[in-house]
Amino acid sequence: MLISVVVPCYNEEPVIRETHRRLLEVLEQLEPDRFEILYVNDGSCDRTLELLEELQALDARVRV
């Protein structure tokens, strides 16, 4: 089974890294390597998209 977590994002620059860290902490305990995180950027005006793309480049389980 693959767990998919969809996270809507709008101007989340100050918190996105911490949100991601916490999600990983929980998901890795539940189903290590059997999950994906789908971040949906909803027109952010800050660096949210840039940070999400960085997370995606570092982790194949992340989609933007």
Side-chain angles (χ1 to χ4, degrees):
M1 174 186 355
L2 178 68
I3 297 173
S4 296
V5 178
V6 179
V7 183
C9 301
Y10 181 75
N11 293 338
E12 305 296 336
E13 181 180 356
V15 298
I16 198 63
R17 285 188 177 113
E18 180 64 14
T19 300
H20 183 70
R21 185 193 68 75
R22 290 182 185 196
L23 275 172
L24 285 180
E25 186 177 294
V26 171
L27 291 168
E28 286 176 343
Q29 289 177 16
L30 293 174
E31 288 289 334
D33 299 320
R34 299 291 302 152
F35 65 87
E36 64 181 353
I37 304 172
L38 305 155
Y39 289 105
V40 180
N41 183 42
D42 195 18
S44 297
C45 304
D46 61 2
R47 293 180 56 236
T48 297
L49 181 56
E50 180 183 333
L51 296 175
L52 293 175
E53 289 171 341
E54 287 176 13
L55 294 174
Q56 179 176 271
L58 294 171
D59 190 337
R61 301 169 295 186
V62 174
R63 308 272 187 273
V64 177

So, taking the atom named [atom1] in [X] and the one named [atom2] in [Y], what distance separates them when rounded to the nearest 0.5 Å?
{"X": "I16", "Y": "E54", "atom1": "CD1", "atom2": "CD", "result": "11.5 Å"}
{"X": "D42", "Y": "L49", "atom1": "CG", "atom2": "CG", "result": "12.0 Å"}
{"X": "Y39", "Y": "T19", "atom1": "OH", "atom2": "OG1", "result": "7.0 Å"}
{"X": "L23", "Y": "E18", "atom1": "CG", "atom2": "CD", "result": "10.0 Å"}

Query - side chain to side chain donor-acceptor pair (under 3.5 Å) against E25, all qualifying residues, sequence neighbours excluded - result: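 For E25 the side chain to side chain donor-acceptor pair (under 3.5 Å) partners, ignoring immediate neighbours, are R21.
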
Report task. Under the salt bridge (Lys or Arg N to Asp or Glu O under 4.0 Å) rule, collect the residues that match up with R63, sequence neighbours excluded. Result ->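 R63 satisfies salt bridge (Lys or Arg N to Asp or Glu O under 4.0 Å) with no other residue.
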
**Report entry** Residues that E28 engages under salt bridge (Lys or Arg N to Asp or Glu O under 4.0 Å), provided they are two or more places apart
**Finding:**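 E28: salt bridge (Lys or Arg N to Asp or Glu O under 4.0 Å) contacts with R61.
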
Determine all donor-acceptor pairs shorter than 3.5 Å in which one atom belongs to a side chain in residues 30-37; sequence neighbours excluded.
residue : atom : partner : partner atom : Å
R34     : NE   : M1      : O            : 3.3
R34     : NH2  : M1      : O            : 3.2
E36     : OE2  : S4      : OG           : 2.6

Would you give me the side-chain donor-acceptor pairs under 3.5 Å for residues 5-14, sequence neighbours excluded?
residue : atom : partner : partner atom : Å
N11     : OD1  : C45     : N            : 2.6
N11     : OD1  : D46     : N            : 3.4
E12     : OE2  : Y10     : N            : 3.4
E13     : OE1  : R47     : N            : 3.3
E13     : OE2  : R47     : NH1          : 3.4

Report task. Taking all heavy atoms of L52 and all of V64, pick out the closest pair and write down the distance. Result ->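 Reported closest heavy-atom pair: O-CG2, 3.5 Å.
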
Query raised in the report: Do any pairs count as a salt bridge (Lys or Arg N to Asp or Glu O under 4.0 Å) and have a residue in residues 1-11, sequence neighbours left out, and if so which ones?
Result: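 As it turns out, there is no salt bridge (Lys or Arg N to Asp or Glu O under 4.0 Å) pair with a partner in residues 1-11 once direct neighbours are skipped.
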
Requested in this report: Begin with the C-alpha distance, continue with both residues' side-chain angles, and end with the deciding distance and a verdict on side-chain contact (heavy atoms from CB on, under 4.5 Å) for H20 and V62.
Outcome: CA-CA 10 Å; H20 183 70; V62 174; 3.4 Å; yes

